[in-house]
Structures are given as C-alpha cells and as structure tokens.
Amino acid sequence: MELTLPARQPFSLPTVIHSHGWIRLAPFEEIQDLVGFSYIDQLESGKVIELHIQEAPGGVLVSYSGSLNQTDHSEIARKIFWMLGLDQDFSTFYNLAQKEPRLAQVPGRAQGRVLRSPTLFEDVVKTICTVNTAWSGTIRMVNNLVNLFGASLPADESRRAFPLPASIAASDEATLRSQAKLGFRAPYVLELSRKVAAGDLDLEALKAADIPTSQLRQRLLEIKGVGDYAVANLLMLLGHYDYIPVDTWAVKMVSNEFYNGEPVNRTQVEAAFESWGEWKGLAYWFWDWNNA
DNA sequence: GGTAGACCTGGACGC
DNA sequence: GCGTCCAGGTCTACC
C-alpha cells in the first residue's frame with residue numbers, strides 16, 4: 001500500500017533525515033538507494049509493520065504492507081506527519097536567517113525540521129540515552145531496548161519496533177542495567193515507562209499542548225533524568241526553539257566562534273544566540289560552524 | 001542559588 | 001591482557 005502526504009514547502013526529506021542523529025537509532029534505518037528511510041512501528045491495534053518513506057513531488061511517499069484497516073491508515077498518516085513535521089512553517093526564521101551569513105544556507109536547504117519519533121515517549125527515552133555517554137553508547141542502549149522489549153515484525157522476527165511503555169514497565173531495574181546496559185539511566189527509564197503505562201503521565205498530550213515554552217519546559221523537567229540539556233533537546237523536537245541543548249560540543253564550538261576559545265559556561269552559550277529569540281535553538285542547530 | 005561528588009560504560013592509552 | 005584514566009549530563013547533598 002502507498003500513501004502520499006503533502007509537505008509545506010520548502011521541504012527536503014534528506015535534510016530532515018540528517019537533521020540530527022536520530023536516523024541512526026533503532027528502529028529507524030536509512031536506505032541510501034531509496035534516498036529515504038524505513039521505520040518499524042507498532043500500531044495502536046498491536047500490528048507491527050515496516051514503513052518505507054521516500055521523497056515524492058510536493059511531499060513524501062509512504063509504502064507498507066499488511067492487512068490494515070482505515071484506522072490503521074489514518075494512524076500511519078498522522079505519525080508520519082508528526083515525525084517529519086510536514087506542516088511546520090519556518091518562513092519567519094528564513095527571513096531572519098537570510099541576513100546572517102552563517103545561516104544563509106538554511107532556506108535553500110529547507111533546514112528547520114528535526115526528525116522525530118512517532119511518540120514523545122520514544123523521544124524522551126532516546127534523549128535520556130544520549131545523556132552522559134558517547135554516541136556509540138546511545139546507539140547500543142537503544143538497540144538493546146528495542147531487541148529486549150520491542151514487538152517483532154511478523155515477516156522478520158529479528159527486526160523489532162520501539163517498545164511500548166508497558167513492555168519496559170513490566171521489566172525491572174536490574175534487567176535494564178545488566179541487559180539493556182542503561183547504567184544509572186535504568187531507574188529513570190523504568191520510572192518514566194511505568195508512569196506513562198499507568199496513565200499517570202500523558203506525554204503525548206504535550207505535543208499539542210498550547211502552553212508557553214517555560215511551562216512546557218517545567219513539565220518536562222519533572223521527568224527524572226531530564227535536565228537542562230535533555231529538556232532543550234526535547235523542546236526542539238516539540239517545535240519550541242527558545243533554549244539551546246548545551247552539551248560539551250556546544251560549549252566547544254561556541255567558545256571558538258564567539259569567545260576566542262576562552263572557557264564558557266551554559267549561560268554564555270545561550271547569550272551568544274540571545275538575539276535570535278524564539279528561534280535561538282534553530283539558529284544554533286543549523287549554524288554553519290565550518291564556514292569560519 | 002551554586003557547587004562537589006557520585007553515577008556507569010566504553011574507549012583510549014600505557015605497561 | 002590488564003589496569004588506569006577520561007568523557008559524557010543529571011541528581012543529590014551540602015554550603
């Protein structure tokens with residue numbers, strides 16, 4: 001089956017795919033020949049399917065197989081729309097970016113969208129797995145979670161969807177430490193999964209929450225394991241760009257770019273992009289650091 | 001409010 | 001092969 005979804009222009013699927021490292025985390029898989037990607041998803045009906053997404057005139061083409069009903073098709077469309085931010089409007093940011101040489105490439109490359117997982121739960125878990133570890137560690141942790149707790153694709157049982165909150169919630173801290181190799185993140189992911197599974201935390205409602213960024217930030221900071229860096233990363237994924245995800249890389253790059261290599265702190269990193277206001281996070285994210 | 005130390009793992013390095 | 005050191009954010013206790 002195929003589904004064509006329109007995207008607000010300008011749009012570039014490769015640009016979204018390479019907007020950050022998410023494409024390298026299971027169950028995403030980049031497909032070079034297709035100039036697109038695949039994603040294994042467990043639908044609300046419980047069915048596990050593989051989605052293939054490639055660019056099409058005016059938007060994207062989504063291909064998949066399986067015995068699906070209209071509810072399933074609608075769910076797939078809704079998820080892809082969210083994952084790729086197909087309706088996001090960056091025209092205001094583009095107008096500002098054109099006046100800054102280090103961001104002049106942004107409109108032409110259709111930069112702005114950041115690849116998302118279908119659920120905020122998945123993005124929060126993955127973000128926690130980026131904390132205090134090398135990228136190779138993040139890939140390993142997410143792979144372990146998918147392989148241990150994800151539902152299998154019927155056609156290929158070695159390939160799995162990202163686990164549902166209930167699946168992780170049914171586990172225990174020792175398993176998450178020893179088998180998923182989450183280390184000190186194990187209690188954070190377990191507590192999050194149990195709260196979401198029990199209905200005590202409705203993460204998905206935050207996607208559409210019409211509240212100020214500061215309030216949204218406060219809600220996300222209540223999640224154990226989510227600190228200043230993680231919350232800024234999650235806000236970016238949610239389409240709020242008022243904060244910069246300051247990690248060691250950001251400190252290094254901003255120090256070299258704006259402070260002559262002098263040591264800088266988080267406040268100084270934020271200050272370097274203060275003039276970008278609500279677009280601060282995007283200005284930092286797509287800044288052409290190599291154009292020195 | 002600010003700071004120090006613990007948390008955990010893998011990789012780099014020296015022996 | 002083994003041991004040591006270091007990088008990577010967040011939490012907690014303490015001042």
Side-chain angles (χ1 to χ4, degrees), chain A residues 19-26 114 116-117 120-149 163 165 168-169 171-196 200-201 203 206 213-238 240-257 259 261-274 280-281 284-285 287 289:
Chain A
S19 56
H20 62 145
W22 255 213
I23 191 66
R24 295 173 61 195
L25 299 179
V114 181
R116 300 156 160 162
S117 303
L120 186 54
F121 169 73
E122 183 176 331
D123 276 339
V124 174
V125 171
K126 285 178 171 176
T127 298
I128 290 175
C129 289
T130 68
V131 163
N132 206 23
T133 188
W135 183 245
S136 59
T138 301
I139 292 174
R140 189 165 36 247
M141 284 181 251
V142 173
N143 264 330
N144 291 340
L145 284 172
V146 168
N147 289 329
L148 284 167
F149 305 111
I168 299 177
S171 180
D172 55 71
E173 187 178 323
T175 302
L176 292 175
R177 281 182 186 271
S178 63
Q179 295 187 43
K181 303 286 184 186
L182 295 190
F184 61 85
R185 304 162 199 82
Y188 304 151
V189 171
L190 185 60
E191 181 181 312
L192 173 71
S193 301
R194 287 184 172 166
K195 281 186 175 175
V196 173
D200 295 334
L201 175 61
L203 278 181
L206 295 181
T213 304
S214 58
Q215 285 184 32
L216 191 53
R217 181 173 184 271
Q218 220 37 57
R219 297 273 290 276
L220 291 167
L221 281 172
E222 289 170 7
I223 300 169
K224 282 279 184 65
V226 173
D228 287 334
Y229 158 78
V231 78
N233 192 58
L234 290 168
L235 285 171
M236 289 270 292
L237 291 168
L238 286 167
H240 294 253
Y241 313 110
D242 313 56
Y243 294 87
I244 294 175
V246 181
D247 54 10
T248 50
W249 188 87
V251 167
K252 179 183 166 190
M253 301 308 283
V254 170
S255 167
N256 289 334
E257 180 86 2
Y259 297 95
E262 294 292 316
V264 298
N265 58 28
R266 175 183 306 278
T267 307
Q268 289 170 295
V269 172
E270 295 271 357
F273 287 90
E274 202 58 49
K280 191 199 294 183
Y284 157 77
W285 203 257
W287 195 260
W289 302 99

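Below, chain A is the first sequence line, B the second, and so on; all start at residue 1.
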Cationic N near anionic O, under 4.0 Å, A:Lys126 to A:Glu122: yes
A:Ala230 near the nucleic acid: base, sugar-phosphate alone, or nothing, with a heavy-atom cut-off under 4.0 Å? sugar-phosphate
Taking only side-chain nitrogens and oxygens of A:Ser136, does any of them come within less than 4.0 Å of OP1 or OP2 of B:dG10? no
Strictly distance-based, threshold 3.5 Å: is any side-chain N or O of A:Arg24 a donor or acceptor partner for the main-chain N or O of A:Ile139? no
Between A:Trp249 (CH2) and C:dG9 (P), how many Å, whole number? 12 Å
From CD1 of A:Ile139 over to C1' of B:dG10, roughly how many Å is that when rounded to an integer? 13 Å
A:Leu220 CG to C:dG9 P, in whole Å, measures 18 Å
Let me have a per-nucleotide readout for nucleotides 3-8 of chain B, 5' to 3', with B, S or -, counting only protein heavy atoms under 4.0 Å. ----SS
In whole angstroms, the gap separating C1' of C:dT10 from CG of A:Asn233 amounts to 15 Å
Between A:Thr248 and C:dG9, is there a contact of a side-chain N or O with OP1 or OP2 at under 4.0 Å? yes
Could you state the atom-to-atom distance from CG of A:Asn143 to P of B:dG10 in whole Å? 13 Å
Between A:Thr175 (side chain only) and A:Ser171 (backbone N and O only), is there a donor and an acceptor less than 3.5 Å apart? no
Rounding to a whole Å, what distance do you find between A:Leu192:CG and C:dT10:C1'? 15 Å
Tell me if the CZ atom of A:Arg266 is crowded by more than 12 foreign heavy atoms within 6.0 Å. yes
Between A:Leu221 and A:Thr133, just flag the one whose closest nucleotide in DNA chain C comes earlier from the 5' side. A:Thr133
Measure NZ/A:Lys126 against P/C:dG9 and give the value in whole Å, please. 19 Å
Could you give the distance from CG (A:Leu148) to CG (A:Asn143), rounded to the nearest 0.5 Å? 10.5 Å
Just the rounded figure in Å: distance from C1' of C:dG8 to CZ of A:Arg266. 13 Å
I'd like to check A:Val251 versus A:Thr248 (side-chain heavy atoms, cut-off strictly below 4.5 Å). Are they in contact? no
Could you tell me if the ring centre of A:Trp287 sits under 6.0 Å from that of A:Phe273? yes
Select base, sugar-phosphate, or nothing to describe what A:Gly137 touches, counting heavy atoms under 4.0 Å on all strands. nothing
